[in-house]
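All remarks here apply to the structure that follows.
Every heavy atom of this structure was used, including side-chain atoms; hydrogens, water molecules and symmetry mates were not.
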Amino acid sequence: MSDSRADGADDDDAKGKEAAVAKTAGFVVFSGIAMSILKAFFPKKDAYHQSPAFPEPKEPIMPIPLEKTRPPAAPQTIKIEKGDTLWGLSRKYGVSIDAIKEANGLTGDTIYAGKKLVIP
């Protein structure tokens with residue numbers, strides 16, 4: 001009868017060791033994943049890890065305002081076509097929606113096909 005107790009104790013001990021190994025392995029995997037995530041969010045900034053192909057800019061990159069992208073053109077009159085919108089026309093001619101509305105005395109955003117519109 002003592003043999004069966006010893007065998008049972010060995011089985012319990014083996015299961016306990018397997019569980020401890022499984023927990024340790026899970027912790028190691030979790031730690032590796034956590035470190036990878038942290039490295040992605042907080043990369044090192046030393047010379048060894050700096051990519052020469054993509055150096056950090058010396059000055060912040062600022063978007064160029066729409067008014068500075070094209071030289072000012074003389075006002076022109078266009079005929080509104082079906083499907084035209086103030087937004088589309090503002091992008092096409094490089095002027096703001098507010099400038100088009102102000103040049104034409106518009107108070108709303110509705111325009112109608114067949115009408116003429118001044119593009120400043």
Side-chain angles (χ1 to χ4, degrees):
M1 192 164 201
S2 65
D3 290 335
S4 65
R5 286 186 187 171
D7 290 337
D10 287 340
D11 287 341
D12 290 340
D13 190 36
K15 288 180 184 177
K17 286 182 182 179
E18 287 178 14
V21 168
K23 285 182 182 179
T24 303
F27 178 75
V28 169
V29 170
F30 173 78
S31 297
I33 293 170
M35 290 302 295
S36 296
I37 292 170
L38 288 174
K39 285 181 181 179
F41 283 110
F42 304 105
K44 289 185 177 181
K45 300 240 179 188
D46 59 1
Y48 180 75
H49 291 91
Q50 182 72 27
S51 172
F54 302 103
E56 289 191 26
K58 297 188 181 2
E59 296 180 18
I61 299 172
M62 302 297 288
I64 300 171
L66 184 62
E67 293 78 29
K68 293 185 179 181
T69 58
R70 296 184 187 182
Q76 58 183 327
T77 303
I78 63 163
K79 184 176 179 183
I80 301 171
E81 302 292 328
K82 184 176 180 178
D84 283 344
T85 63
L86 287 174
W87 183 85
L89 294 171
S90 74
R91 296 298 168 251
K92 181 176 179 180
Y93 293 101
V95 295
S96 70
I97 294 171
D98 290 334
I100 295 173
K101 289 170 71 172
E102 184 178 324
N104 293 281
L106 300 175
T107 56
D109 294 330
T110 306
I111 56 175
Y112 298 97
K115 301 284 183 179
K116 296 202 183 252
L117 200 62
V118 175
I119 305 294

Requested in this report: Please name all residues satisfying side chain to side chain contact (heavy atoms under 4.5 Å, CB included) with Glu18, sequence neighbours left out, ordered by chain then number.
Outcome: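 So Glu18 forms no side chain to side chain contact (heavy atoms under 4.5 Å, CB included) with any residue.
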Query raised in the report: Sequence neighbours excluded, which residues qualify as side chain to side chain contact (heavy atoms under 4.5 Å, CB included) partners of Phe30?
Result: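 Once residues adjacent in sequence are excluded, Phe30 has no partner under the side chain to side chain contact (heavy atoms under 4.5 Å, CB included) criterion.
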Requested in this report: Could you name each residue pair satisfying side-chain hydrogen bond (donor to acceptor under 3.5 Å, both in side chains) that touches residues 80-89, not counting sequence neighbours?
Outcome: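 Listed by first then second residue: nothing to list.
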Report task. Sequence neighbours left out, what pairs pass side-chain hydrogen bond (donor to acceptor under 3.5 Å, both in side chains) with at least one residue falling in residues 20-33? Result ->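 Sorted pair list comes back empty.
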Query raised in the report: Out of curiosity, does Ile33 fall in the hydrophobic cluster containing Leu38 (side-chain heavy atoms, cut-off under 4.5 Å, transitive links)?
Result: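 Yes; tracing contacts between hydrophobic side chains, which count when under 4.5 Å, links both residues.
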Name every donor-acceptor pair, under 3.5 Å, that has one atom in a side chain of residues 104-120 and the other anywhere in the protein, sequence neighbours excluded.
| unit_1 | atom_1 | unit_2 | atom_2 | d |
| --- | --- | --- | --- | --- |
| Asn104 | OD1 | Val118 | N | 2.7 |
| Asn104 | ND2 | Ile100 | O | 2.8 |
| Asn104 | ND2 | Val118 | O | 2.7 |
| Asp109 | OD1 | Lys101 | NZ | 2.8 |

